[in-house]
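Naming convention: chains lettered A, B, ... in sequence-line order (proteins, then strands); numbering from 1 in each chain.
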Protein chains: 2
Amino acid sequence: MLTIGTLSKKTGTKVQTIRYYEQIGLMPEPGRTEGGQRRYDNAQLDRLSFIRHSRQLGFSLDAIRELLDLSDHPNRPCDEADAIARRQLKQVEQRMARLKALRTELKRMVHECSGGRTGDCKVLEVLRDHSECLTEHEEIGA
Amino acid sequence: MLTIGTLSKKTGTKVQTIRYYEQIGLMPEPGRTEGGQRRYDNAQLDRLSFIRHSRQLGFSLDAIRELLDLSDHPNRPCDEADAIARRQLKQVEQRMARLKALRTELKRMVHECSGGRTGDCKVLEVLRDHSECLTEHEEIGA
DNA sequence: GATACATCCTCTAGCTGCTAGAGGTTCAAG
DNA sequence: CTTGAACCTCTAGCAGCTAGAGGATGTATC
């Protein structure tokens, strides 16, 4: 029987976050002591590890909900899990492409700054005038 | 004299967002008509373009606040603007590195999935057991 | 059995950066 | 003068947590 604190340490998830996962139905309601404190078993530890690892790989909580559901039904075909992972991969690739364009632009800004007064600062100038950019970049909402 | 809608179209910023920027003090309070509607001038259009462009380059609203302040004082040395841009560049590079590790892992997961039942799905298996990962990856909070 | 104190509990509010909607007013064209 | 698009304010919501108040519990030690 594990306390929430132990679970927290074992998975690297904050105590508050574990309670939050329970609240949104991602973690099941655990057993309680007479005094009302949560006690977990190993299955729940595994589940939290799964969640945590999926988060590290960038999956949304909604995607994780689906993945957990699939994981709970070993006899279903796994196309769906595969599709979710592919979707995630695609997203990651898109984000990388956008970041690449940003990096180019930022590098250029920084390299051209000559260290004078803000009045002639290349960094600020570029921000003032998008037409000075070589690449299209659209980071907002990434 | 520009309406908020015109400003919105010219900069690609939603009307609500412009009002939000005003609320948090990023945009100045504009003049108003007798009836209470906002009217902007070109200086304010420029300012919003600056904000918008900076957002596209991934700067936080706090960073933009600093950059705007620097831009308003052309006689100060521009080291600071340069530092903010360098910081941003560093962040972008860190995020790219993290995404790269993720991509590797996701690719591997997807390629190894043989299309059977969820019980033997490689995707789910990897999520269950971090030790199957080749790389360290820590996306959370990216 | 008493005491200390770390850990637990619930609840509310806050973070970033918007976005959406309700319910009502103003402006400009015809 | 009427219509209808665009404006106004206000509140609440999104993801995914995180922090803090104010109090109860569990366990180790004496």
Hey, does Arg38(A) reach any base, or is it just sugar-phosphate, or nothing, if we go heavy atoms under 4.0 Å? sugar-phosphate

Check every strand shown and say whether Ile24(A) touches a base, only sugar-phosphate, or nothing at a heavy-atom separation below 4.0 Å. nothing

Between [atom2] of [N] and [atom1] of [X], the distance in whole Å:
X        : N       : atom1 : atom2 : result
Ile18(B) : dC8(D)  : CD1   : P     : 10 Å
Leu26(A) : dA15(D) : CG    : P     : 12 Å
Met27(A) : dC17(D) : CE    : P     : 13 Å

Report the nucleotide, chosen from dT10(C), dT7(C), dG16(D), that has the shortest atom-to-atom distance to any side-chain atom of Tyr20(A).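 So the side chain of Tyr20(A) is nearest to dG16(D).
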
Of the listed nucleotides (dA28(C), dT27(D), dT18(D)), which one gets closest to any side-chain atom of Arg39(A)?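 The nucleotide sitting nearest to the side chain is dT27(D).
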
Show each protein N/O and nucleotides 12-14 of chain D N/O combination with a separation under 3.5 Å, one pair to a line.
none

Without hydrogens or angle criteria, can the side chains of [X] and [Y] be said to hold a donor-acceptor pair below 3.5 Å?
X         : Y        : result
Arg128(B) : Ser71(A) : yes
Gln88(B)  : Arg86(B) : no
Arg38(A)  : Thr3(A)  : no
Arg19(A)  : Gln16(A) : yes

If each of Leu61(B) and Thr3(B) is mapped to the nucleotide of DNA chain C with the nearest heavy atom, which maps nearer the 5' terminus, i.e. the 5' end? Leu61(B)

When Gln37(B) and Ser60(B) are each assigned the nearest nucleotide of DNA chain C, the 5'-most assignment goes to Ser60(B)

Transitive ILVMFWY side-chain link Val110(B) to Ile64(A), under 4.5 Å: no

OP1 or OP2 of [N] sitting under 4.0 Å from any side-chain N/O of [X]?
X        : N       : result
Tyr21(B) : dC18(C) : yes
Arg32(B) : dT9(D)  : yes
Arg55(B) : dC18(C) : yes

Polar atom pairs (N or O), protein with nucleotides 20-22 of chain C, under 3.5 Å:
| unit_1 | atom_1 | unit_2 | atom_2 | d |
| --- | --- | --- | --- | --- |
| dA20(C) | N7 | Gln16(B) | NE2 | 3.3 |
| dG21(C) | O6 | Gln16(B) | NE2 | 3.1 |

Evaluation steps, side-chain contact (heavy atoms from CB on, under 4.5 Å), between Cys133(B) and Val126(B): CA-CA 7 Å; Cys133(B) 288; Val126(B) 171; 4.0 Å; yes

